[in-house]
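The structure appears right after this line, and notes come after that.
Only this structure's heavy atoms are used, side chains among them; waters, hydrogens and symmetry mates stay out. One-based numbering along the sequence shown.
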Amino acid sequence: IGVYDGERFHVSIGFKTPEGIDDDYLEASAIISKRLDEGFSIYTYDLQLLKNFLSETRIKSLEAKIIGAEMMSCLFDVKDKLSEKLGESLPLSEAEKILALVRKSDPLDISLEIARLNIDLSDHKWRERALMKLGPVIERVVMDDLSNIYLLSFISESMVDLKRLVQKF
């Protein structure tokens with residue numbers, strides 16, 4: 001779970017296991033609460049995917065916060081705004097390509113790093129070892145996602161509605 005306020009990144013990385021969920025997401029949740037209290041809005045890309053993730057991982061407090069922010073019109077789905085302007089719904093990776101946004105990381109790097117992991121899950125320090133190897137890779141990917149969603153929020157606000165423009169001609 002990550003937060004970017006235009007100046008600072010905060011990325012929480014943890015695991016969900018049969019024993020429960022790591023508490024790392026709580027700090028990101030607190031930052032979101034603080035920003036909402038300060039009058040800021042939340043921007044996400046593919047709100048339904050986020051809701052599904054929070055529901056499946058049973059992070060109910062964060063799910064409730066997201067749903068509440070949406071109900072209070074403090075949450076905006078950049079994917080929806082962009083699809084209104086372009087006339088089609090695109091995954092983040094396609095929107096980034098079409099609008100020539102830069103990424104320093106590749107989301108596939110996470111899968112590659114997982115494939116390289118050689119961790120004994122019976123070892124009580126498996127989480128620390130996994131986070132040491134996966135953490136930096138996940139953090140780079142999430143930071144790229146966050147900064148590009150931030151940029152796309154501005155781009156989508158300033159774009160002419162291409163669908164309506166095409167219909168006029």
Side-chain angles (χ1 to χ4, degrees), residues 1-16 21-22 24-25 28-29 31-32 35-36 40-60 62-117 130-131 133-167:
I1 296 172
V3 178
Y4 178 56
D5 63 9
E7 294 178 12
R8 289 179 302 278
F9 290 96
H10 177 83
V11 179
S12 298
I13 302 168
F15 292 98
K16 179 183 185 293
I21 302 168
D22 290 349
D24 294 51
Y25 74 93
S29 182
I31 292 169
I32 291 168
R35 294 297 180 260
L36 286 170
F40 289 94
S41 296
I42 298 172
Y43 291 85
T44 188
Y45 199 91
D46 200 339
L47 178 58
Q48 193 55 54
L49 184 66
L50 175 61
K51 286 179 180 178
N52 290 347
F53 168 77
L54 294 173
S55 176
E56 289 168 13
T57 55
R58 292 190 164 89
I59 305 177
K60 293 185 184 296
L62 195 51
E63 183 181 12
K65 190 175 299 187
I66 294 299
I67 291 169
E70 180 184 23
M71 290 174 59
M72 296 177 64
S73 300
C74 298
L75 187 141
F76 301 96
D77 189 344
V78 177
K79 181 180 183 180
D80 286 350
K81 287 180 172 279
L82 203 56
S83 68
E84 287 172 17
K85 303 290 180 159
L86 296 174
E88 66 177 304
S89 182
L90 299 171
L92 180 58
S93 59
E94 289 300 310
E96 290 170 332
K97 287 177 191 170
I98 288 171
L99 297 168
L101 297 180
V102 177
R103 288 194 72 91
K104 297 175 188 165
S105 66
D106 185 341
L108 291 176
D109 291 345
I110 296 171
S111 298
L112 293 172
E113 196 60 40
I114 289 171
R116 282 186 274 230
L117 276 179
L131 283 175
K133 292 182 180 205
L134 286 174
V137 177
I138 294 170
E139 187 174 59
R140 281 191 303 273
V141 170
V142 171
M143 288 171 64
D144 278 348
D145 287 349
L146 292 170
S147 61
N148 282 344
I149 292 167
Y150 183 76
L151 289 172
L152 284 169
S153 71
F154 290 111
I155 291 168
S156 66
E157 289 295 325
S158 64
M159 285 177 75
V160 173
D161 190 336
L162 294 177
K163 191 169 128 183
R164 281 192 227 155
L165 189 64
V166 168
Q167 287 175 348

Nearest 0.5 Å please: distance from the [atom1] atom of [X] over to the [atom2] atom of [Y].
{"X": "Asn148", "Y": "Ser93", "atom1": "CG", "atom2": "OG", "value": "11.0 Å"}
{"X": "Ile31", "Y": "Arg8", "atom1": "CD1", "atom2": "CZ", "value": "8.5 Å"}
{"X": "Ile67", "Y": "Ser55", "atom1": "CD1", "atom2": "OG", "value": "8.0 Å"}
{"X": "Glu63", "Y": "Thr57", "atom1": "CD", "atom2": "OG1", "value": "8.0 Å"}
{"X": "Leu92", "Y": "Lys79", "atom1": "CG", "atom2": "NZ", "value": "9.5 Å"}
{"X": "Ile42", "Y": "Asp77", "atom1": "CD1", "atom2": "CG", "value": "12.0 Å"}

Under a 4.5 Å cut-off applied to non-hydrogen side-chain atoms, are [X] and [Y] in contact?
{"X": "Arg140", "Y": "Pro136", "answer": "yes"}
{"X": "Tyr45", "Y": "Leu82", "answer": "yes"}
{"X": "Ile59", "Y": "Ile1", "answer": "yes"}
{"X": "Ile155", "Y": "Leu101", "answer": "yes"}
{"X": "Phe76", "Y": "Ser41", "answer": "yes"}
{"X": "Ile66", "Y": "Leu47", "answer": "yes"}

*Audit row: Leu134, Ile114, side-chain contact (heavy atoms from CB on, under 4.5 Å) steps and yes/no*: CA-CA 7 Å; Leu134 286 174; Ile114 289 171; 3.6 Å; yes

_Would you call the rings of Tyr4 and Phe9 parallel, tilted or perpendicular, taking 30° and 60° as the class edges?_
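Answer is parallel, since the angle falls under 30°.
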
Shortest non-hydrogen contact from [X] to [Y]?
{"X": "Ala95", "Y": "Leu152", "answer": "CB-CD1, 4.3 Å"}
{"X": "Ser12", "Y": "Asp24", "answer": "OG-O, 2.9 Å"}
{"X": "Val141", "Y": "Ser105", "answer": "CA-OG, 3.2 Å"}
{"X": "Glu139", "Y": "Ile13", "answer": "N-CD1, 3.9 Å"}

*Give a yes or no on whether the backbone of Ile32 and the side-chain of Lys65 come within a donor-acceptor separation of less than 3.5 Å.*
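Not at all, since once roles are kept as given, no pair shorter than 3.5 Å links the two residues.
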
*Got a salt bridge between Lys97 and Glu94, using NZ or NE/NH1/NH2 to carboxylate O under 4.0 Å?*
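So Lys97 pairs with Glu94 through a salt bridge.
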
*Could you list all the salt bridge (charged side-chain N to carboxylate O under 4.0 Å, His left out) pairs where at least one residue sits in residues 98-113, not counting sequence neighbours?*
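Only Glu96-Arg103, Arg103-Asp145, Glu113-Arg116 qualify under salt bridge (charged side-chain N to carboxylate O under 4.0 Å, His left out).
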
